[in-house]
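Here's the structure we're looking at; comments come further down.
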2 protein chains.
Amino acid sequence: MTQACAHIIDDDEAIRDALQWQFRTRGVPCRMWPGAEAFLAAWQPEWRGCIVLDIRMEGMSGLECFDVLIERNCTLPVIFITGHGDVPMAVSALKKGAFDFIEKPFNDNDLIEHVQRAFDRDAASQQAAADRDTVEARLATLTAREREVMELILEGKFNKVIADELSISMRTVEAHRSRVFDKMQVRSAVELAQMLTTLRN
Amino acid sequence: MTQACAHIIDDDEAIRDALQWQFRTRGVPCRMWPGAEAFLAAWQPEWRGCIVLDIRMEGMSGLECFDVLIERNCTLPVIFITGHGDVPMAVSALKKGAFDFIEKPFNDNDLIEHVQRAFDRDAASQQAAADRDTVEARLATLTAREREVMELILEGKFNKVIADELSISMRTVEAHRSRVFDKMQVRSAVELAQMLTTLRN
DNA sequence: ACCGCAATTGTGGAATACCGCAAATCGGAT
DNA sequence: ATCCGATTTGCGGTATTCCACAATTGCGGT
C-alpha cells in the first residue's frame with residue numbers, strides 16, 4: 001500500500017522550504033513540487049494522501065491544474081491556498097469538489113490539521129474504491145450468460161421464470177446460478193443483492 | 001404536494017421588491033421575508049423549494065439563521081447572497097452544506113437560474129426522503145420479533161438457522177418471515193435486501 | 001372477566017432451490 | 001486438427017421454502 005503523502009505545489013521556493021520544514025517536524029510525509037506541470041507529469045493514479053495547491057503560479061494555475069486532475073479522475077482531496085482569492089473562485093472550486101480553500105497567510109498548524117483531515121477522507125474513499133474494485137473484478141469474471149442470469153436473480157425471480165424468459169431449461173439456470181454465486185463469492189441471493197446494491201449507490 | 005417556493009430573506013425592502021418583481025415576472029413562486037426571525041417563526045418542515053439568505057441583516061444574521069435551520073434538520077437548499085462576504089465565510093458556509101454563495105451585486109437572471117437548480121435538487125432530495133419514509137413506515141409496523149427475524153434473513157440465514165439462534169421452532173420463523181414480507185410489501189428476500197440496503201446508504 | 005394482538009407450534013403437502021455426476025454442442029484459439 | 005471454455009441439458013436425490021388450516025399461550029387494555 002502506498003504511503004499517504006501531502007503533495008505541495010507552489011512556485012515560491014521560500015514557502016516550499018518553510019512548509020517542508022513544518023511537515024517534516026511533525027512527521028507528516030510530504031513532497032514539494034515547483035509547479036503544476038511538474039506535478040502533473042509525475043502524478044500516478046495510485047498516489048494517496050492529498051494535494052495542497054497554490055492558485056497563483058507561473059505557468060499553469062492551480063485552478064487549471066485542478067481541472068486536469070478532475071479530468072484524470074484523480075480523487076485525492078485538494079486543498080487550495082491563495083493570497084488573492086476571491087469569493088467566486090472559492091465557491092467554484094468547492095462546488096467542483098475541492099476539499100478546502102485557505103487564504104494566505106495561514107497558520108502552519110491549521111494547514112497541517114487540514115491535511116490530516118484530507119488524509120482521513122482519502123483513506124476512507126480509497127477503502128470504498130477498493131471495495132468497489134473487488135466487486136468489479138468478480139463481476140468481470142462472469143460470462144455474458146451468467147451476468148444475464150444474475151440480473152434476473154436480482155429481480156427476485158424464480159429459476160423457473162428465468163428459464164422461461166431465457167428460453168433455456170431450469171437445470172441450465174441452476175448451473176449458471178451456482179457459478180454466479182461461486183464467482184461472486186456469496187452464499188445466497190441476499191448477499192449478492194446487498195453487494196451489488198451497495199456498489200450501485 | 002406543497003408547491004416549490006423561493007423564500008427570500010433580506011432586510012432591505014428595496015431588494016425584496018426588486019427580486020419579487022423579477023421572480024413574479026418569470027413565474028417563479030417566491031415569498032419575501034424581512035428578517036431571519038420572521039422566517040424561522042413561520043417555517044414549516046414540509047416547505048419545498050429553496051432559501052435565498054442575505055448574510056448581513058439587522059438582528060439575526062444569515063449565517064446564524066442557517067445554523068438554526070441545520071439544527072432543525074431543514075433540508076431546503078440555501079443560497080447565500082452577500083455584499084461583504086469574505087472567502088473564509090463562503091468556505092465555511094459551503095462546507096456546512098450551503099447550496100451556493102453569491103456576491104452582490106448579482107445578475108437577477110443568475111440568481112433565478114441558481115434558484116431553479118436549487119429547486120431541482122430539493123425535488124430530488126424530497127423524492128429520496130419520501131422513499132425513505134415509505135420504507136420506514138413499513139418498518140414501523142413490524143413487531144420486535146419480526147424485526148429480529150428480518151435482520152437474520154438479511155444475513156442470508158436459513159429459517160432453520162434462524163430458528164436455532166432464536167430458540168424457536170422453524171414453523172414460527174416461517175410465520176414471522178411471511179408477515180415480514182407482507183408488511184414490507186416485497187415478494188422475496190432479495191427485494192427486501194435491496195430495499196433496506198438502499199435505505200442504509 | 002373479556003377481547004385483540006403478538007408469539008408460538010404442529011401437520012402435511014406442493015413448489016423451489018441446490019448438488020454431484022455425466023455429457024453433448026459450439027465457437028474461438030493454438 | 002485439437003483443445004478449451006461457454007452453454008446447454010438430464011437424472012436422481014436432498015434440503016428449503018411457502019402455504020393453508022388449526023390451535024395454544026400470554027399480555028395489556030376495556
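Reminder, nothing fancy here: chain letters follow the sequence lines and each chain counts from 1. A quick note: this is a predicted structure, and the numbers were derived from the prediction, not measured.
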To the closest 0.5 Å, what do you measure between CD1 (A:Ile8) and CG (A:Leu111)? 6.5 Å
Round to a whole Å and report the spacing from CG of B:Asp164 to P of C:dT9. 12 Å
Closest listed nucleotide, where the reference is the side chain of B:Phe158 and the choices are C:dC18, D:dT17, C:dT8: D:dT17
Which class fits the ring pair B:Phe39 and B:Trp47: parallel under 30°, tilted 30 to 60°, perpendicular over 60°? tilted
With a 3.5 angstrom cut-off on both distances, give the Watson-Crick or G-U wobble partner of D:dT30, or none if there isn't one. C:dA1
For B:Ile153 and D:dT17, what is the distance between atoms CD1 and C1' respectively, to the nearest whole Å? 11 Å
Using a cut-off of less than 4.0 Å, is there contact between a side-chain N or O of B:Asn159 and OP1 or OP2 of D:dT17? yes
For D:dT8, does OP1 or OP2 lie under 4.0 Å from any side-chain N or O of A:His176? yes
In terms of the nearest nucleotide of DNA chain D, which residue is placed more toward the 5' end: A:Ser169 or B:Ala189? A:Ser169
Please report, rounded to the nearest Å, how far the P atom of D:dA6 is from the CG atom of A:Leu166. 18 Å
Would you find a donor on one side and an acceptor on the other, under 3.5 Å apart, between the side chain of B:Glu191 and the backbone of B:Met184? no
Between atom CZ in B:Arg145 and atom P in D:dC27, what is the gap in whole Å? 15 Å
Is any side-chain N of the basic residue among B:Arg177 and B:Glu174 closer than 4.0 Å to the acidic one's carboxylate O? no
Starting at the 5' end of DNA chain C and moving along, which residue's nearest nucleotide shows up first, B:Thr172 or B:Thr141? B:Thr141
Between D:dC18 (C1') and B:Lys160 (NZ): distance, integer Å: 16 Å
Within a reach of under 6.0 Å around CD of A:Glu58, are more than 12 heavy atoms found that belong to other residues, nucleotides or ligands? no
Measure from the side chain of B:Arg171, starting at C-beta and using heavy atoms only, and say which of C:dT9, D:dT8, C:dT16 lies closest. C:dT9
Between C:dC18, D:dT7, D:dC18, which nucleotide has the shortest distance from any of its atoms to the side chain of A:Phe181? C:dC18
Have a look at A:Arg179 and say if it touches a base, only the backbone sugar-phosphate, or nothing, with a 4.0 Å heavy-atom cut-off. base
With a 4.0 Å cutoff (strictly under), does any side-chain N or O of B:Thr143 reach OP1 or OP2 of C:dC5? no
Specify the separation, in whole Å, of atom NZ of B:Lys157 and atom P of D:dT16. 15 Å
